[in-house]
Amino acid sequence: MAVILENRFLGDEMYLLSAQYEGKAEPGQFFMIRSAGSFPLLSRPLSIFDVQEDSISFLYKVIGEGTKEFSRLSQGMELDLYGPFGKGFDLTPEGLNVALVGGGMGAAPLFYTAKRMRELNPDQEITLYLGFQKENAVVDVFKELNLPLILNFGGYVSEEVDYEKHDVFYTCGPEVMMRRVSSHGKEFGKPVFVSLEKHMACGVGACLGCTCKTKEGNKRVCKEGPVFPGEEVFYE
Amino acid sequence: MAVILENRFLGDEMYLLSAQYEGKAEPGQFFMIRSAGSFPLLSRPLSIFDVQEDSISFLYKVIGEGTKEFSRLSQGMELDLYGPFGKGFDLTPEGLNVALVGGGMGAAPLFYTAKRMRELNPDQEITLYLGFQKENAVVDVFKELNLPLILNFGGYVSEEVDYEKHDVFYTCGPEVMMRRVSSHGKEFGKPVFVSLEKHMACGVGACLGCTCKTKEGNKRVCKEGPVFPGEEVFYE
Amino acid sequence: MNRLETEFLGFTMKNPITAASGTFGYGEEFRSFYDPSLLGGISSKGLTLFPKEGNSGIRIWETPSGILNSIGLENPSVGRFLEEEYKRMRAIDSLLVVNLGGNTLEEYVEGARLLNEADIDVLELNISCPNVKEGGMAFGVDPKSAEKVTRAVRKATKHKLMVKLSPNVTHIGDMAKACEEAGADAISLINTVQGMAIDVDRKKAVFDQTYAGLSGPAVRPIALRMVHQAAKAVKVPVVGMGGIASYKDALSFLMAGAAAVMIGTGQFVNPYLGKEMVEDLERYCEKENLMNIGEIRGIV
Amino acid sequence: MNRLETEFLGFTMKNPITAASGTFGYGEEFRSFYDPSLLGGISSKGLTLFPKEGNSGIRIWETPSGILNSIGLENPSVGRFLEEEYKRMRAIDSLLVVNLGGNTLEEYVEGARLLNEADIDVLELNISCPNVKEGGMAFGVDPKSAEKVTRAVRKATKHKLMVKLSPNVTHIGDMAKACEEAGADAISLINTVQGMAIDVDRKKAVFDQTYAGLSGPAVRPIALRMVHQAAKAVKVPVVGMGGIASYKDALSFLMAGAAAVMIGTGQFVNPYLGKEMVEDLERYCEKENLMNIGEIRGIV
Ligand SMILES: Cc1cc2nc3c(=O)[nH]c(=O)nc-3n(C[C@H](O)[C@H](O)[C@H](O)COP(=O)(O)OP(=O)(O)OC[C@H]3O[C@@H](n4cnc5c(N)ncnc54)[C@H](O)[C@@H]3O)c2cc1C
Ligand SMILES: Cc1cc2nc3c(=O)[nH]c(=O)nc-3n(C[C@H](O)[C@H](O)[C@H](O)COP(=O)(O)OP(=O)(O)OC[C@H]3O[C@@H](n4cnc5c(N)ncnc54)[C@H](O)[C@@H]3O)c2cc1C
Ligand SMILES: Cc1cc2nc3c(=O)[nH]c(=O)nc-3n(C[C@H](O)[C@H](O)[C@H](O)COP(=O)(O)O)c2cc1C
Ligand SMILES: Cc1cc2nc3c(=O)[nH]c(=O)nc-3n(C[C@H](O)[C@H](O)[C@H](O)COP(=O)(O)O)c2cc1C
Ligand code: FES
Ligand code: FES
C-alpha cells in the first residue's frame, strides 16, 4: 500500500500521480498498479515517470476502466504498487549523443531516463523529441528537465528526429512510431532501443501473456523487456 | 445521481448518509442504492431513515462489500438512488398508542415513521424500543425525536416491550425478534406489523428473488412489502 | 426508416433489444423507469401448465460480476396468466414473447395448446430449466430430448416457436441444430449457467436446491462464444443473451451473429438499461453510417 | 502437527494450497513476493513433447471479474524442461506437479515416458486444452477419449497421475468417473471455460484463435458446482480450482469435497495470495478449533 501524494490533471485525459515510495527503481522499468478493491481484476502496468527521495510518480492517460479508476484517486487515498519489474533503458549508452523519442504516453518513461542519464554522466548529450495529439501540460513538466526539447502535435514525431546527429535512439510510443524510428536508425547504422507494450496479467514472467516474437525466439515483455533492441523485435 | 451531503460515522460500523433529494418517500419504503461504477453488481436495499426538504438520509451498517463501498463515500461524491419502492407503515394506525420496536439496523425505518406519524396526528402516542449490540451514537440521533425511548444493549429488546400498554406494534429487525414481537402481540390480541428483509435483485417486483410465503400465498417483499401484518407472514 | 428496425420471424421489431424472461416480470414492473413499449420485445416470466410456488430459501446470491438465482419458476400458470397478466402485456406495443416451461413433455404440449387461444407473437420454449427433467435428464442438455420436445410443441402451437438453449452442454451447435431440425423458427441462448455457492460461515450450501443458475456480466464471454457457435450452426435466427450490460455488449452479440439480443441481469444493475441501449444504438448507427443495425450482424 | 498438513497420494503437503498450471511459471517467478516453498504444491506450466511458440496476437483480455487467455501452451518442451526449469523447481520444498499437454495420444505417452527419468511428485495430465484434439474432438470433452488417453498415460508413467478436466462438458461427473476407471490417482478441475471476446471498435474477434479460456472469480460458482459434482462421483481425491481469490473461497472448495485447491488468476490480482491464504487458513483452523483442515472436507 502506498499513500497518494497528488493526482494532478494535465489536460487531454492525462494525469501525473505521485505516491509515497522508498526503494529502487530504474528508468524504463514499470509497476503493476491497482487502486484498492477488487475492481478491475488485473493490475495496470505503468512506467516509472520519476523517482524522488520518498516518492515515485506515474504519468498516465485515461483509456478504459482501470485508468478511469486511477483518475478518481486523490491525496491520502491508497494504491497497491507491485514492482519495479522488467529491464529498462541502458543508462550508459555507447555514444555520447542520445535521442529520446516519445509518442503520447510513450513519453512517460523518458523523463526519469533523461534525468538519471544526466546524473550518471553530466556530459551526456540528450535531446527529447515528444509527440502528442494536442497541446497539454505534460510538456511543461518535461521543460523542467532543461534539455533540448522538440515537440510535435498531431503529426509524426519520428520524422522530426535528426538521425544523423544522434548516436543512439531510445523510443517509446505507438508501435508504428517505434518501427519508424527503428528503421530510420537502421538506415544510419545506429542502435535503437524500443519499449514495448503488451497486455499483461502477472507482470513477473509467470503467465506468458505478454510474449513478443524476437529474432532469438519468444521473449516476455514484462521480464526480458519492456526495453529491447529495435532490430531484435522489429526484424521482419 | 444524487450528490452526497454527509456520510457520518456513528460507531460500531454504522453510518448516517444523507444526499440531495427532492420527491416523495414514505416511511418504511426503501431505495435500491449503488455507489457509482459497476462494483458490486447489485444495488443494495436501504430503508428511508429520514426525509428533509431537499435531502434524504439512510442509516446503514457495514456488512459486506456493498456497504463497505458506501462507507468510503464522502461529501460531494455521487450515488445512484432508485426508488422509493415498496409499501411502508400505515401512518394512521387504528389505536392511539403505538410501539415502534427496532433491533439493530431495524431501527432505520422507525425514525421517519415516528416523525411522520406525529406530524399527521400530534396526539398519537409513540414509544420507541431500540435494541443494539453495543452503545453507539445512533441512539443520540433518535433522542432528537423527543419521544419515550427504551433502550436495550446486548439483550432482547422484544422482551422490554409493554404489550399491555400499546395498541399496535411496528417492528423491524432480526427475524427472531420480529417473530417474538408478533407472537407477544397475538397473545394480547393486538395488531403487529413487521418489515421483512430478503435478498433483492430488482427491487420492483420483476425477478421474484424476494418472495416470502404468506397465509395468502407468495408475496414480493419489494412490492407488496416490506411491511406485512405479522400474522400474515409468521403464521406457521 | 428506423435504423434499429429488425425483421424477426415476420414481425417488425422496433429494435433488437428484448427483455429476457424472468427479469422483467410481465412487462409492467419497470414502468417507473421508462415506457416498456420502447423495447423491441419482452419475454414473460417462465410459465408452466400448473402454478408453481418456486423454491424455498435464499433465491438470489451475488457472485463476482454475476448473480446466482434459484427462483424455481414461480408463476401463476399459463391459464391464470391468460386471464390476468397477458392482457396488460399485450397492451404494450412491443413483440410479445411468452416463455414456457414444463416438467414433462405433456405439460409442455398442454401449455402450448392453451396459449393457442391468445394473440401472442412468439412462444419461447424454455428447455433449459435445470429443475425440469425427463427421465432424470434435463431436456436441454441432450440433443435427442431437445428434438423430441421441440417437435411435439411445434405440432401443438400455432405460434412462432423459439427454443431457448441451456449453456450446460458440450456442443451447443448440436443442440441448436437438433432444435432447428425439429421445427424451431428461432433459437435463443443462453439460459443461466449451473453454479453453486457455499456460505462458509454457516458451512452450508447457500441454496436449498444446492445448485443455482449463474447470469450477468461474469458469463458474457461464455454466452458470446455460444451465440457465435449457434449462429454458425443454424440458418434460423438466433437471439443472443448473457451478461449484456451496455450497447457495446449488445453490438458484440450482433456481430457474433445474433439477430436480436435480450437483456436480463444487466437491468438489475441499471434499471434504465433498455431505454439507454436503444438510444445508444441509434447514435451508434448514425456515427457508423449504418442504414440499419442489421448490417453488422454476423460480421465476426 | 501442522493444522494445514494434507495427505495427498502418499505425499504430505504442508498445506492444501497449490499454484495452478500456467499461472506460476516454473515456481521461481513470484519469489520477489514470497518463498514458493511456503506453498503446498506447485504445478508447472503445461509442457508438451515438442516445443511450442504459443498463439499469435493478443493473449490476455480482461472480462468482468475474469480473464480470457489464449497463451496456446507456449513451452520449451518436456526435454528442455528437464534440463533447465526442472532442477530449479525440484529445489523448492513443495509438492512438484508437472502439467503435461499434447496434440496426440502418442505425444502424451512419449511426454509421460520422458518424465519417468525425473523425480517429480505428480503428473498432471491436461486433457482439457481447447487446442488439443483427437479426430476433431478434444480429449477432455468426451468420456471415451478421456478414458483412452488416461489409460495410455497410466501405463506409460511411473508417477502418480492426476487428470485435469475441462469444464466445457455436460456431465462433469461422468468425465471424472471415466478417468478414475482408467487409472487416474486424482482428478483436478476446472481448466478454463471456453469463451470469446469481440473488439467492437475493430469489429473483430479479440483473439487470433477466436475462442479463448475464461478463468478468475467470474467462473468460481461454476467451478465450485463442478468440484462438488466430481467429488461426489469419484473416490479418488479431487483438487479444486477456478476463481479462488481468498481463503474463504478455498474453504468453500474444501467444503465442497476438494482434498486440496489450486490458485491461478487470483495471484494476478494479489501476488501475495498464496502466502496470505496459508496464513489465513491457519488462523481459521485455530479459530474454529480444527486439529486439521481436512475436518471440513466435503461437509457440504
Ligand atoms: C510496460 C508498460 C508500461 C506502460 N506505461 C504506461 C504509462 O506510463 N502511462 C500510460 O498511460 N500507459 C502506460 N501503459 C499502458 C497502460 O498500461 C494502459 O493504458 C492501461 O493498462 C489501460 O488500462 P484501462 O483499464 O484504462 O484500459 P482498458 O482498455 O479498459 O484495459 C483493458 C485491459 O487491456 C489492458 N491494456 C489496454 N491497453 C493497454 C496497453 N496499451 N498496454 C498494455 N495493456 C493494455 C489493460 O491493462 C487491461 O488489462 C504501459 C503499458 C505497458 C505494458
Ligand atoms: C427492504 C430492506 C431494507 C433494508 N434497510 C436497511 C437499512 O436501512 N440499513 C441497513 O443497514 N440495512 C438495511 N437492509 C439490509 C441491507 O440491504 C444489507 O445489509 C446490505 O444489502 C448488505 O450488503 P453488503 O454488500 O454489505 O453485504 P453482503 O453480505 O456482501 O451482500 C451480499 C448480497 O446479499 C444481500 N444481503 C446481505 N444481507 C442482506 C439483508 N440483511 N437484507 C437483504 N439483502 C441482503 C446484499 O444486498 C447483496 O446482494 C435492508 C434490507 C432490505 C431488504
Ligand atoms: C432472476 C432470474 C429469473 C429467470 N427466470 C427465467 C425464466 O423464467 N425462464 C427463462 O427461460 N429464463 C429465465 N432466466 C434466464 C434469463 O432469461 C437469461 O437467459 C439469463 O439470465 C442470462 O442473461 P443475463 O445474463 O442477461 O441475465 C432468469 C434469470 C434470472 C436472473
Ligand atoms: C494465463 C493462464 C495460463 C494457463 N495455462 C495452463 C496450462 O498450461 N495448463 C493447464 O492445465 N492449465 C492452464 N491454465 C488453467 C489454470 O491452471 C486453471 O485451471 C484455470 O485458470 C482456473 O483457475 P483460476 O480461475 O484460479 O485461474 C492457465 C490459466 C491461465 C489464466
Ligand atoms: S505479464 Fe505474465 S509473463 Fe509477462
Ligand atoms: S427484488 Fe425482484 S421481485 Fe423483489
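Numbered from 1 within each chain, the chains take letters A, B, ... in sequence-line order. Here the structure is a predicted model, which means the values were calculated and not measured.
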field: Note: Lys177(D)-Glu181(D) ion pair, threshold 4.0 Å (strictly below)
entry: no
- request: Among Ala197(D), Pro64(D), Ala245(D), single out the residue with the greatest number of heavy-atom pairs under 4.5 Å to chain C.
  value: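 When all of Ala197(D), Pro64(D), Ala245(D) are compared, Pro64(D) has the most.
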query: Hey, which of Met226(D), Arg225(D), Arg220(D) has the most heavy atom pairs under 4.5 Å with chain C?
result: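 Top option by heavy-atom pairs under 4.5 Å: Arg225(D).
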Please classify the contact of [X] with chain C as side chain, backbone, both or neither, using a heavy-atom distance under 4.5 Å.
X	value
Glu288(D)	side chain
Val169(D)	both
Thr63(D)	side chain
Ile222(D)	both
Leu68(D)	side chain
Ala256(D)	both
Lys204(D)	backbone

message: For the interface with chain D, which of Ala223(C), Gly195(C), Gly216(C), Pro221(C) has the highest count of heavy-atom pairs at distances below 4.5 Å?
response: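 If we count pairs closer than 4.5 Å to chain D, Pro221(C) comes out on top.
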- prompt: Would you say the ring centroid of His228(C) lies under 6.0 angstrom from that of Phe253(C)?
  reply: no
message: The test is side-chain hydrogen bond (donor to acceptor under 3.5 Å, both in side chains); show your working for Gln209(C) and Ser70(C) and say whether it passes.
response: CA-CA 8 Å; Gln209(C) 312 286 320; Ser70(C) 177; 5.7 Å; no
Looking only at heavy atoms, which two atoms of [X] and [Y] are closest? And how far apart?
X	Y	answer
Phe207(D)	Ile58(D)	CD2-O, 3.1 Å
Met196(C)	Leu224(D)	O-CD2, 3.6 Å
Gly140(D)	Ser166(D)	O-CB, 3.9 Å
Leu125(C)	Val149(C)	CD2-O, 4.3 Å

Need one label for [X]: side chain, backbone, both or neither, based on atoms under 4.5 Å from any heavy atom in chain D.
X	answer
Asp201(C)	side chain
Val200(C)	both
Leu214(C)	side chain

task: Using the six-membered ring wherever Trp is involved, compare the ring planes of Tyr284(C) and Tyr247(C) and label them parallel, tilted or perpendicular (cut-offs 30° and 60°).
output: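 Because their plane-to-plane angle lies in the 30° to 60° range, the rings of Tyr284(C) and Tyr247(C) count as tilted.
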message: Is any side-chain heavy atom of Val278(D) closer than 4.5 Å to one of Leu281(D)?
response: no
